[in-house]
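Here is the structure we will look at.
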Amino acid sequence: MTSVQSGSFWQHSQSYLDDEILIKKLLLSHDPDRRRLNSEMLLSAVENIVFHATASEELVSDKPVNANFKSNISNIELIESPEPLMHTIYKIAHEMLCKSPGKEDLHTRTMASFDLLGSHRWGAKAALALAAFAINYGEFSLLMQLRPHIPLAVSIANFKQIPSNMSMLKPQVKALRSLSKTMVDLTKCIIEFEALPLVHVGPDMEDLAVMKPKIYVTAYWIIRSTLVCSSQIKSLMAMKPEQVHAKHFKLNNSANFSYFSRYSNITIAAWELLSLDNRLSSIYSHLRPQVDAFRRQTEAKMHQKLLSLFKKSHIDNQNVLQMLFALKDDLPLKDCSTQEKLGVSALKSKVVLLLISKPDLLPFEQLFFLVNQTYDHPHNDKIEGSYAIIWVPISFYEAWTDAEQKLFDFISNSMPCYLVRQPWSLNSAVVNFMKQEWNYGGEAILVVLDSEGMTTNLNGLDMVFIWGSKAYPFSLSRENELWDGEQWKMQLITNEIHPILTQWVEEGRNICIYGSENLDWIREFNAKMKDIKDAGMQHEMIYVGKNNPGEHTKEILSIMNREIHSNLLSFTKIQLFWLRLESMRRSKSRLGNNASTDNVVAQISALLDNNNDNGWAVYGKGLSTDIVRVEGDEIFRCLNLFRQWGENVGRLEFIDALRTVLEPPLVDGPCNHTQVVPYSEGLVQGNMVCQNCKLLMKKFTIYE
């Protein structure tokens with residue numbers, strides 16, 4: 001790590017000896033235990049108060065203000081603490097406002113605050129002190145802003161004897177605002193530095209030894225400044241009206257001299273705040289770039305460590321999951337079904353599926369199908385407990401917005417899986433690793449880690465959509481294996497879309513899946529298929545609209561339900577039908593297959609890319625691989641010749657009889673085509689159509 005040079009403030013603002021003595025005293029009071037405060041969220045709540053308090057002392061908006069997600073104190077955790085968070089804050093606030101005997105001077109009171117905060121880390125000390133100050137500052141500013149507009153505020157201000165005209169105090173109030181913002185910015189530096197995973201990347205100990213004392217001294221000046229600010233707010237609220245009402249003064253009598261003295265006190269108070277602001281601004285100007293330098297170097301080392309970690313073999317997945325999620329928190333996960341906080345040890349020996357997405361997760365139909373294909377899948381009972389899904393939301397922006405956090409909070413209470421409890425606290429190096437090495441670019445992916453923490457699939461989402469829990473352990477090799485056993489048949493097209501449809505396939509029924517958004521075509525097609533059914537040729541009709549179904553598809557479904565009184569699939573199920581086909585094509589494409597070399601890809605693409613307003617239909621039977629796809633006017637030409645091909649249904653299967661019309665013979669005259677088919681159960685009773693002449697083949701048995 002490049003050496004971090006000390007800035008001029010550290011060299012000249014105080015003597016080296018004074019700093020040494022101060023640091024020793026600070027370290028004597030510093031005795032952190034296992035309690036952990038989410039300092040970042042607490043500071044955000046403070047910043048929210050400071051922002052609204054400093055917006056204007058006169059302007060009050062009529063628009064309702066939406067509370068910042070992070071400003072909700074109930075969302076801020078203080079783990080393993082013997083007292084609630086607000087109890088701690090109130091104790092500090094009391095210390096700020098009440099001067100105990102023997103603690104009158106500012107330094108003694110500052111050190112007393114450090115004694116009170118001894119169990120916390122440095123960033124938490126500063127954040128808690130700022131929170132205590134923000135309560136006093138916020139209450140004061142709120143009364144100042146509301147008093148011109150709300151009678152209740154007037155009554156409270158009068159009761160507290162707050163002067164009605166504060167114009168003379170503007171320099172002091174302005175200085176107070178500026179100092180408040182500087183304290184918040186400096187506290188961010190401390191929290192960011194402490195959040196760096198230095199212990200995991202092996203920092204330069206010499207640089208660290210230089211940096212730590214600066215953090216201690218910075219925390220001292222922040223807390224000292226909060227005491228000054230709180231004292232001045234207390235003094236402002238205790239001022240008598242005559243102290244702020246006069247506008248002119250002369251020095252020709254003792255009364256006017258007394259006024260001049262009071263006016264000077266206000267100026268001195270403003271100067272004290274400005275002096276502190278200058279001191280803290282100087283510290284910030286040197287500390288900020290140094291913290292940034294540590295962050296950049298730490299991120300670079302973290303990235304290399306993650307790369308190395310995923311190349312090594314491990315006895316389990318704990319080291320990998322620790323580096324990804326548990327750098328700041330021993331309980332980084334939550335089981336949404338029980339709301340229980342979990343450590344990464346809960347995932348030991350399991351296949352872990354990392355669902356990485358934006359905070360809005362997935363569209364409703366995809367989320368519904370994901371749950372249906374995993375937790376609600378019939379096969380899941382056989383492998384339950386062998387794998388776990390963890391939702392890892394990543395902000396679309398550089399920092400999480402309030403809207404994203406509220407959305408995450410809402411979704412997280414209804415998910416059946418595990419999730420990262422505070423995804424905004426994920427280490428930036430981990431987020432960048434997911435983007436760069438796992439190719440996360442905003443679209444949801446499902447990265448699969450085996451029980452030893454190795455990456456076995458960079459996106460198993462399509463596998464889950466196609467096969468559900470049968471895809472376990474969701475590796476790339478398993479994906480290849482599943483496709484090796486698949487053929488283009490009705491089972492593949494319709495699997496798990498609807499339980500009744502699955503049952504029809506298993507029973508070997510004739511099924512017709514059709515699509516169009518031309519209502520006249522749909523009516524005519526259904527009428528002709530009804531005639532065929534009335535003639536005794538049983539089949540099931542399934543309408544699926546077209547790819548990317550929308551409002552027009554919903555309207556058609558509504559009309560079909562009124563006129564035909566039958567449609568198995570709802571609009572959501574139709575969306576899932578097309579989602580599976582898209583997943584199949586993506587999955588095949590990732591494995592190097594395309595429409596010119598793979599029949600399944602060709603058939604899928606023909607359906608997905610079909611823009612024919614005259615519709616299409618796919619006919620198949622049960623588990624058979626014999627499927628016929630017909631498009632446009634060809635369908636009606638075929639159905640109009642029903643009497644011709646319908647005669648063959650008694651001797652042939654429904655699909656074979658239909659094929660005799662769709663595919664004309666390839667030969668004229670007698671056909672001598674022979675085909676040897678290995679024996680299989682049920683073949684003795686079956687028939688086969690010649691691929692050349694399209695006629696029923698004679699059957700002979702050969703014994704070897």
Side-chain angles (χ1 to χ4, degrees), residues 200 302 305-338 340-357 361-362 367 370-371 373-377 379-394 411-412 415-423 425-427 429-431 433-440 444-465 467-479:
H200 296 279
M302 269 289 293
K305 185 159 186 176
L306 285 167
L307 284 174
S308 175
L309 195 65
F310 279 99
K311 290 177 182 178
K312 296 178 181 178
S313 58
H314 309 277
I315 57 173
D316 56 35
N317 57 14
Q318 294 299 284
N319 285 342
V320 169
L321 296 177
Q322 186 83 19
M323 283 292 289
L324 291 176
F325 304 119
L327 294 177
K328 301 179 184 178
D329 189 352
D330 293 335
L331 300 172
L333 309 175
K334 182 175 81 171
D335 183 346
C336 295
S337 60
T338 63
E340 181 184 1
K341 299 173 186 177
L342 300 171
V344 296
S345 59
L347 304 173
K348 191 172 184 179
S349 303
K350 293 184 179 183
V351 172
V352 176
L353 281 62
L354 303 178
L355 178 57
I356 306 171
S357 76
L361 191 55
L362 294 167
L367 180 58
L370 177 66
V371 174
Q373 290 288 76
T374 51
Y375 296 99
D376 295 340
H377 195 280
H379 187 72
N380 195 58
D381 293 340
K382 300 178 182 178
I383 58 172
E384 189 171 8
S386 300
Y387 74 97
I389 299 176
I390 302 177
W391 180 29
V392 186
I394 294 179
I411 296 176
S412 66
M415 290 286 289
C417 62
Y418 296 164
L419 55 77
V420 178
R421 286 194 305 113
Q422 296 175 346
S425 297
L426 281 175
N427 186 271
V430 171
V431 173
F433 179 85
M434 292 176 177
K435 292 178 178 179
Q436 295 173 25
E437 305 303 327
W438 292 346
N439 303 318
Y440 172 70
I445 59 174
L446 193 69
V447 177
V448 182
L449 308 179
D450 66 16
S451 58
E452 296 177 356
M454 300 299 293
T455 308
T456 58
N457 198 336
L458 288 179
N459 193 359
L461 196 57
D462 290 324
M463 287 183 71
V464 174
F465 286 153
W467 294 288
S469 295
K470 291 181 181 177
Y472 178 84
F474 311 102
S475 61
L476 196 61
S477 59
R478 177 59 174 161
E479 192 169 8

Qualifying salt bridge (charged side-chain N to carboxylate O under 4.0 Å, His left out) pairs with a residue from residues 307-317, counting only residues at least two apart or across chains:
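Matches after skipping sequence neighbours: Asp316-Lys348.
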Could you note down all residue pairs passing salt bridge (charged side-chain N to carboxylate O under 4.0 Å, His left out) where residues 447-463 supplies at least one of them, sequence neighbours left out?
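Residue pairs passing salt bridge (charged side-chain N to carboxylate O under 4.0 Å, His left out), neighbours aside: Asp462-Arg586, Asp462-Arg590.
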Side chain to side chain, [X] and [Y], heavy atoms closer than 4.5 Å:
{"X": "Val392", "Y": "Leu419", "answer": "no"}
{"X": "Pro423", "Y": "Pro393", "answer": "yes"}
{"X": "Leu306", "Y": "Val320", "answer": "no"}
{"X": "Met415", "Y": "Leu367", "answer": "yes"}
{"X": "Val431", "Y": "Tyr440", "answer": "no"}
{"X": "Val344", "Y": "Pro332", "answer": "yes"}
{"X": "Met463", "Y": "Arg478", "answer": "yes"}
{"X": "Tyr375", "Y": "Ile389", "answer": "yes"}

What's the shortest heavy-atom distance between [X] and [Y], and which atoms?
{"X": "Met302", "Y": "Ala429", "result": "CB-CB, 3.5 Å"}
{"X": "Lys350", "Y": "Gly385", "result": "CE-O, 3.3 Å"}
{"X": "Leu362", "Y": "Ala444", "result": "CD2-CB, 3.3 Å"}
{"X": "Asn317", "Y": "Gly453", "result": "CB-N, 3.6 Å"}
{"X": "Ser313", "Y": "Met454", "result": "CA-SD, 4.4 Å"}
{"X": "Lys328", "Y": "Ser425", "result": "NZ-O, 3.0 Å"}

Determine, step by step, whether Leu321 and Leu449 satisfy the side chain to side chain contact (heavy atoms under 4.5 Å, CB included) criterion, reporting the C-alpha distance in whole Å, the side-chain angles of both residues, the deciding distance to 0.1 Å, and the verdict.
CA-CA 10 Å; Leu321 296 177; Leu449 308 179; 4.2 Å; yes
[atom1]-[atom2] distance between [X] and [Y], expressed to the nearest 0.5 angstrom:
{"X": "Gln318", "Y": "Ser349", "atom1": "CD", "atom2": "OG", "answer": "8.0 Å"}
{"X": "Asp335", "Y": "Tyr418", "atom1": "CG", "atom2": "OH", "answer": "5.0 Å"}
{"X": "Leu426", "Y": "Leu324", "atom1": "CG", "atom2": "CG", "answer": "9.0 Å"}
{"X": "Asp330", "Y": "Leu342", "atom1": "CG", "atom2": "CG", "answer": "13.0 Å"}
{"X": "Lys305", "Y": "His200", "atom1": "NZ", "atom2": "NE2", "answer": "7.0 Å"}
{"X": "Leu370", "Y": "Leu461", "atom1": "CG", "atom2": "CG", "answer": "6.5 Å"}

Exactly one of Leu354, Asn459, Asn439 clears side chain to side chain contact (heavy atoms under 4.5 Å, CB included) with Ile445, and that residue is Asn459
Partner of Trp391 under side chain to side chain contact (heavy atoms under 4.5 Å, CB included), picked from Leu361, Leu333, Ile356, Leu353, is Leu361
With no hydrogens and no angle check, is any side-chain donor or acceptor of [X] less than 3.5 Å from a backbone partner on [Y]?
{"X": "Gln373", "Y": "Val464", "value": "yes"}
{"X": "Arg421", "Y": "Lys341", "value": "no"}
{"X": "Ser451", "Y": "Val351", "value": "no"}
{"X": "His314", "Y": "Leu309", "value": "yes"}
{"X": "Asn457", "Y": "Phe474", "value": "yes"}

Residues Ile383, Ser469; criterion side chain to side chain contact (heavy atoms under 4.5 Å, CB included); working and verdict
CA-CA 8 Å; Ile383 58 172; Ser469 295; 3.9 Å; yes
Checking side chain to side chain contact (heavy atoms under 4.5 Å, CB included) for the pair Tyr472/Trp467: CA distance, chi angles, key distance, verdict?
CA-CA 9 Å; Tyr472 178 84; Trp467 294 288; over 6 Å; no
